[in-house]
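Here is the naming used below: chain letters follow the sequence lines, and residue numbers restart at 1 for every chain.
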Protein chains: 2
Amino acid sequence: MKKSELSLRTDEVLIHEGQTNARLFTLLSGWAFRFKTLSDGRRQILSFLLPGDFIGVQQKMADAAAHGVTTLTDAVFCVFQRDALWTLHRQSPSMGFNVTWLTAHEESLVDDNLLSVGRRNAQERIATLLIQLYKRMAAIQTDNTTEDGVPFPLTQQHIADSLGLSLVHTNKTLRKLEQLGLHRIENGRLYLRDVMALERMADLYGDGRPPQRPLV
Amino acid sequence: MKKSELSLRTDEVLIHEGQTNARLFTLLSGWAFRFKTLSDGRRQILSFLLPGDFIGVQQKMADAAAHGVTTLTDAVFCVFQRDALWTLHRQSPSMGFNVTWLTAHEESLVDDNLLSVGRRNAQERIATLLIQLYKRMAAIQTDNTTEDGVPFPLTQQHIADSLGLSLVHTNKTLRKLEQLGLHRIENGRLYLRDVMALERMADLYGDGRPPQRPLV
DNA sequence: CGAAATGTTGACTATATTCAAGGCAAGTGG
DNA sequence: CCACTTGCCTTGAATATAGTCAACATTTCG
């Protein structure tokens with residue numbers, strides 16, 4: 001496929017909020033997140049982006065209001081041409097199908113988060129987030145280390161903005177879960193100490209193991 | 001395209017929560033909504049479905065946890081074959097492209113709602129919802145009646161479940177906005193009395209006029 | 001080393017939830 | 001036709017969860 005590569009460092013902007021004709025990207029390595037803000041600065045993180053995720057389909061659609069994308073770590077992106085989305089569908093239906101798949105999958109992540117933010121309390125939200133990020137990371141990791149930790153570059157501010165909580169309340173809840181022995185975050189890595197208890201708290205139904213995903 | 005039709009009455013289930021191999025649908029007429037529930041019954045409405053919306057792409061993807069779909073009014077659906085999604089991409093790239101477009105558009109609706117639920121207070125959430133539904137309906141209506149009202153089949157329970165609020169608080173907030181002269185809901189129709197004030201309250205940026213949408 | 005970002009904690013406040021009770025309108029069965 | 005039920009809307013009072021403010025500790029980084 002036609003492309004080039006783009007490297008960004010931690011906390012740099014890939015797509016500005018409101019930008020409507022951004023190019024298409026794939027995240028090759030590192031973490032990023034999508035977000036929206038209100039005019040007074042309140043920010044909502046919509047979803048976290050991990051390697052393999054597709055970026056920019058919504059902006060291509062020149063839709064209602066767009067969202068921004070910023071890196072959480074140093075990251076490398078695969079850059080597509082401006083009209084790549086249409087070209088891709090025409091030249092390779094199977095690739096087009098995969099794009100639809102990835103877009104739908106991306107939406108289901110947002111659905112999950114909306115359920116949390118709308119209907120779970122702070123403890124439940126955090127438990128849910130920790131489990132989901134842990135599972136997504138575990139599914140991606142090439143080195144199948146059975147030891148607990150996965151990389152975890154989020155600050156508490158990111159967690160708060162993702163879950164619709166204040167920073168202070170996020171901190172207190174996080175500490176409480178840690179004191180209950182459910183998890184630990186240390187040196188940018190997340191360790192789940194009591195997965196059963198976390199899952200009970202999160203009330204996960206279909207236990208959501210990440211499905212096989214196509215590569216684009 | 002290959003299909004049949006399906007008619008449901010108000011408050012009937014199109015797709016059960018957890019169902020993973022549902023067929024593909026398009027909503028031809030009427031209203032419906034997508035939702036998830038927690039095991040203790042707390043429900044979150046993810047998005048409202050209006051004529052022209054595409055249904056079931058996520059379930060096709062056998063993803064994490066699926067969502068349910070229920071009608072809000074009598075509704076008619078266009079039913080596709082089981083493997084329609086792949087066939088469609090292969091036989092008609094432009095249709096495949098449209099499906100991607102619709103899926104991305106659907107996600108942006110969820111994004112908007114997540115911003116509301118995560119970062120807006122009750123007044124702001126309700127103002128945002130009223131404006132968005134009003135605009136979506138207005139964009140669809142064939143008879144270009146300039147008079148205010150659009151159909152509005154939601155109960156306050158639906159509004160509450162969509163915005164992550166309790167029924168009681170939704171009711172009180174709704175009444176306050178009505179007393180401020182911002183809107184009126186009567187006989188299943190929604191009237192916006194002071195659009196400017198509502199938009200100020202909702203803090204809409206890109207003012208989100210609905211884009212041209214492809215038909216599937 | 002000092003500055004800036006991030007994390008931690010307590011006290012106070014506010015927004016939203018829960019509980020409880022009642023009203024109104026539409027539909028049902030005797 | 002009328003009691004009776006049911007679903008939806010409305011309201012007030014008590015409670016709880018989460019937000020705000022403020023201060024300080026700790027870590028990171030230039």
Side-chain angles (χ1 to χ4, degrees), chain A residues 9-12 33 38 40-45 70-74 116-130 152-180 183-190 201, chain B residues 9-12 33 38 40-45 70-74 116-130 152-180 183-190 201:
Chain A
R9 327 201 84 239
T10 300
D11 214 34
E12 287 193 314
F33 62 91
L38 296 176
D40 64 359
R42 285 176 284 177
R43 179 175 73 170
Q44 178 64 41
I45 291 181
T70 299
T71 57
L72 268 172
T73 66
D74 293 355
S116 272
V117 174
R119 289 304 182 204
R120 285 194 247 245
N121 65 28
Q123 287 199 3
E124 297 167 336
R125 290 183 210 187
I126 288 185
T128 305
L129 180 69
L130 294 182
F152 193 80
L154 314 199
T155 68
Q156 295 185 351
Q157 185 67 64
H158 292 122
I159 298 176
D161 286 347
S162 158
L163 299 180
L165 297 169
S166 71
L167 175 59
V168 172
H169 195 50
T170 299
N171 176 290
K172 288 172 179 169
T173 307
L174 222 29
R175 299 247 48 224
K176 187 184 291 179
L177 294 198
E178 185 177 349
Q179 279 168 7
L180 290 174
H183 79 288
R184 209 180 65 215
I185 294 173
E186 200 172 53
N187 294 328
R189 292 186 77 80
L190 166 66
M201 186 171 282
Chain B
R9 326 200 86 238
T10 299
D11 214 33
E12 286 194 315
F33 62 91
L38 295 175
D40 64 359
R42 284 176 284 177
R43 179 175 74 169
Q44 177 64 41
I45 291 182
T70 298
T71 57
L72 268 172
T73 65
D74 293 355
S116 271
V117 174
R119 289 303 183 205
R120 285 193 247 247
N121 65 28
Q123 285 200 3
E124 296 167 338
R125 290 183 210 187
I126 289 183
T128 305
L129 180 69
L130 294 182
F152 194 79
L154 315 200
T155 68
Q156 295 185 353
Q157 185 67 64
H158 291 122
I159 298 176
D161 286 348
S162 158
L163 299 180
L165 297 169
S166 70
L167 175 60
V168 173
H169 197 225
T170 298
N171 176 289
K172 289 173 179 169
T173 307
L174 222 29
R175 299 248 48 225
K176 187 183 292 180
L177 294 198
E178 184 177 351
Q179 280 170 7
L180 289 173
H183 79 287
R184 208 180 66 215
I185 294 172
E186 200 172 52
N187 295 328
R189 293 186 75 81
L190 165 66
M201 186 172 282

Problem - Side-chain donor/acceptor of D74(A) to backbone N/O of T10(A), under 3.5 Å - result: yes
Completion exercise
In short, D161(B) meets Q44(B) closest at the heavy-atom pair O-NE2, 3.1 Å
Problem - Protein-nucleotide distance (L163(B), atom CG; dT17(C), atom P), rounded to Å - result: 11 Å
Practice task
Can you tell me the distance, in whole Å, between the NZ atom of K176(A) and the C1' atom of dG10(C)?
Solution key: 14 Å
Completion exercise
Rounded to whole Å, CD of Q157(A) lies from C1' of dG7(C) at a distance of 11 Å
Practice task
Whole angstrom is fine here: how far is it from CD in E186(A) over to C1' in dT27(D)?
Solution key: 13 Å
Exercise for the section: May I ask you to say what L165(A) touches in the nucleic acid, namely base, sugar-phosphate or nothing, with a heavy-atom cut-off under 4.0 Å? Expected result: sugar-phosphate
Exercise for the section: For G188(A), answer base if it contacts any base atom (sugar-phosphate contacts may also be present), sugar-phosphate if it contacts only those atoms, and nothing otherwise; contact means non-hydrogen atoms under 4.0 Å. Expected result: nothing
Exercise for the section: For H169(B) and dC19(C), give me the distance from atom NE2 to atom C1', rounded to whole Å. Expected result: 16 Å
Practice task
Give a yes or no on whether the backbone of R9(A) and the side-chain of T71(A) come within a donor-acceptor separation of less than 3.5 Å.
Solution key: yes
Practice task
Quickly work out the D11(A) CG to dA5(C) C1' distance and round it to whole Å.
Solution key: 11 Å
Practice task
Would you tell me if any nitrogen or oxygen in the side chain of Q156(A) comes within less than 4.0 Å of OP1 or OP2 on dT8(C)?
Solution key: yes
Exercise for the section: Name the nucleic acid region contacted by T155(B), choosing base, sugar-phosphate or nothing; use a 4.0 angstrom heavy-atom cut-off, strictly under. Expected result: sugar-phosphate
Practice task
Please test R43(A) against R119(B) for side-chain contact (heavy atoms from CB on, under 4.5 Å), starting from the C-alpha separation and ending with a verdict.
Solution key: CA-CA 7 Å; R43(A) 179 175 73 170; R119(B) 289 303 183 205; 5.5 Å; no
Exercise for the section: Provide, to the nearest angstrom, the distance between the CZ atom belonging to R42(B) and the P atom belonging to dA16(C). Expected result: 18 Å
Exercise for the section: Considering just the side-chain nitrogens and oxygens of R175(B), establish if one lies under 4.0 Å of OP1 or OP2 belonging to dC9(D). Expected result: no
Exercise for the section: Round to a whole Å and report the spacing from NE2 of H158(A) to C1' of dA5(C). Expected result: 12 Å
Exercise for the section: May I ask you to evaluate whether N171(B) reaches the phosphate of dT10(D), defined as a side-chain N or O under 4.0 Å from OP1 or OP2? Expected result: yes
Exercise for the section: Would you indicate whether N187(A), at its atom CG, is surrounded by more than 12 heavy atoms from other residues, nucleotides or ligands within a distance under 6.0 Å? Expected result: no
Problem - Selection from dG19(D), dG12(D), dT15(C) that lies nearest to any side-chain heavy atom of V168(B) - result: dG12(D)
Practice task
Could you tell me whether the side chain of K172(A) has a donor or acceptor atom within less than 3.5 Å of a complementary atom in the base of dG19(D)?
Solution key: no
Completion exercise
Note: for L154(A) and R119(A) on DNA chain C, the residue whose nearest nucleotide lies more 5' is L154(A)
